[in-house]
Amino acid sequence: MTYLFIADLHLSPEHPRLVRGFFDLLDQYKTQNTQLFILGDWFNAWIGDDYTAPWLDEVVQHLQQFNQAGNQIYFQVGNRDFALGQAFLDQFNGKLLPDIYILTIAQTHFRLEHGDALCTDDVAYQRFKKVIRNPLVLKILKSTPLNFRQKLANGFRKRSRESQQNKSYEIMDVNSKAVEQALENTDILIHGHTHRPAIHDVKNKPRIVLGDWREKTSEAMILEVDETGKWQFIKWRIR
């Protein structure tokens, strides 16, 4: 069995190469009895499980084929696709994981999360997240028309880009104390979000930061773990 971890694909119809790269990944691991874990920001924006489009139908078809070959898909929401729910995942027997999930492989405990909760120095973002992720707010948003949600998502992305230009590198990265707390009762921390792929040593415990999918460099850093718990950080090439 292969456990595969990816994050920050930011799939959208505007970036077909990234979509094709995802299809290539599914094809590569289709015959390996793969447990695929997508740790947030799978899509560049998600306005609700009632959203449909031809490009998304193709994504679902590939995921269905992947699942029918004996593989399983797991998903944690990110800051871009926090509205994605089980209704969408049900189309290919996917499973929605909680924001923090402990996966045990051969007695090694892996803590999985998107990573935005570790960026505690970004106070403005954490406040916004607390509001927008409130179940009542989400319920109200999901009841609005699709075109309104699309405009809202576009506005959020624009404000996010503008906000990032005025924030320091350190503020948008993880907080060291938050990371130490996350690793207290586990062996390995895996997350994405920061777009700074690397392996960090935190008091003799690995913190593995998955890479975002990049068209400019045509690559992404992903993590592969075998059934013995042995892991390797590998570079995925995007055609």
Side-chain angles (χ1 to χ4, degrees), residues 1-78 80-99 101-106 108 110 112-114 142 146 190 192 210-213 215 218-239:
M1 179 178 292
T2 298
Y3 299 86
L4 185 64
F5 303 86
I6 60 177
D8 301 293
L9 287 75
H10 295 278
L11 301 185
S12 73
E14 291 78 26
H15 298 281
R17 279 191 63 211
L18 298 183
V19 177
R20 290 197 303 270
F22 179 56
F23 294 163
D24 288 343
L25 183 85
L26 295 178
D27 289 341
Q28 175 75 24
Y29 286 90
K30 186 184 293 184
T31 60
Q32 297 187 34
N33 190 16
T34 302
Q35 303 283 300
L36 174 61
F37 292 82
I38 306 171
L39 307 190
D41 285 5
W42 186 2
F43 297 95
N44 199 38
W46 191 262
I47 58 175
D49 289 355
D50 54 342
Y51 167 72
T52 59
W55 77 275
L56 188 60
D57 291 341
E58 190 176 4
V59 171
V60 170
Q61 289 171 7
H62 278 79
L63 290 165
Q64 289 172 339
Q65 293 169 5
F66 184 77
N67 175 255
Q68 290 165 4
N71 308 293
Q72 182 65 55
I73 303 106
Y74 300 90
F75 173 70
Q76 284 180 315
V77 300
R80 294 291 189 97
D81 48 18
F82 58 85
L84 195 155
Q86 188 61 52
F88 174 72
L89 300 173
D90 282 343
Q91 296 180 79
F92 44 87
N93 198 33
K95 297 183 180 180
L96 183 65
L97 298 178
D99 289 349
Y101 184 75
I102 304 300
L103 174 68
T104 301
I105 305 173
T108 299
F110 295 82
L112 315 179
E113 59 182 292
H114 177 57
K142 290 177 179 180
L146 272 172
I190 306 173
L210 302 171
D212 56 312
W213 288 43
E215 283 187 310
S218 300
E219 64 185 37
M221 296 304 298
I222 65 177
L223 181 70
E224 187 178 306
V225 182
D226 67 18
E227 56 191 10
T228 69
K230 182 180 179 181
W231 55 269
Q232 56 177 337
F233 204 36
I234 58 180
K235 188 176 293 183
W236 176 253
R237 296 291 185 181
I238 300 168
R239 290 190 295 125

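This one's a predicted model, so the numbers in the text were calculated from it and none came from an experiment.
Shown here for Pro98 and Gln76, the closest heavy-atom pair between the two residues is O-NE2, 2.9 Å. Residues Leu39 and Ala7 share a closest heavy-atom pair of O-CB, 3.7 Å. Closest approach of Val19 and Ser12 over heavy atoms only: CG2-O, 3.7 Å. In terms of heavy atoms, Gly94 sits closest to Gln86 at O-NE2, 2.8 Å.
Proximity of Trp42 to Ile6: side-chain heavy atoms (C-beta onward) are nowhere separated by under 4.5 Å. No side-chain heavy atom of Leu9 sits less than 4.5 Å from a side-chain heavy atom of Leu18. Annotation: side chain of Leu26 is not in contact with side chain of Asn71 (no heavy-atom distance under 4.5 Å). For the pair Asp81/Asp41, a side-chain contact is recorded, criterion being any heavy-atom separation below 4.5 Å from C-beta on. Residues Trp213 and Asp8 fail the side-chain proximity criterion, which asks for heavy atoms closer than 4.5 Å. Residues Arg237 and Lys235 meet the side-chain proximity criterion, which asks for heavy atoms closer than 4.5 Å. Taking 4.5 Å as the limit, some side-chain heavy atom of Leu63 sits within range of a side-chain heavy atom of Phe22. Leu25 places a side-chain heavy atom less than 4.5 Å from the side chain of Ile222.
Remark: Phe23 engages His62 in a ring-ring contact (aromatic ring centres under 6.0 Å, His included) (not counting sequence neighbours). In terms of the side-chain contact (heavy atoms from CB on, under 4.5 Å) criterion, residue partners of Gln72 (sequence neighbours excluded) are, by chain and number, Gln35, Asn67, Tyr74, Asn93, Lys95. Under the rule for a ring-ring contact (aromatic ring centres under 6.0 Å, His included), Phe110 has no partner lying at least two apart in sequence or in another chain. Asp50 pairs by the salt bridge (Lys or Arg N to Asp or Glu O under 4.0 Å) definition with Arg149, not counting sequence neighbours. Legend: residues meeting side-chain contact (heavy atoms from CB on, under 4.5 Å) with Ala87, ordered by chain and number and at least two apart, are Asp49. Residues that satisfy the salt bridge (Lys or Arg N to Asp or Glu O under 4.0 Å) test with Asp226, not counting sequence neighbours, are absent from this structure.
Classified by interplanar angle (parallel below 30°, tilted 30° to 60°, perpendicular above 60°), the ring pair Phe5/Phe37 is parallel. Using cut-offs of 30° and 60° for the angle between ring planes, the Trp55 and Tyr51 rings count as tilted.
Glu224 pairs with exactly one of Tyr3, Trp231, Tyr29, Trp236 by the side-chain hydrogen bond (donor to acceptor under 3.5 Å, both in side chains) rule, that one being Tyr29.
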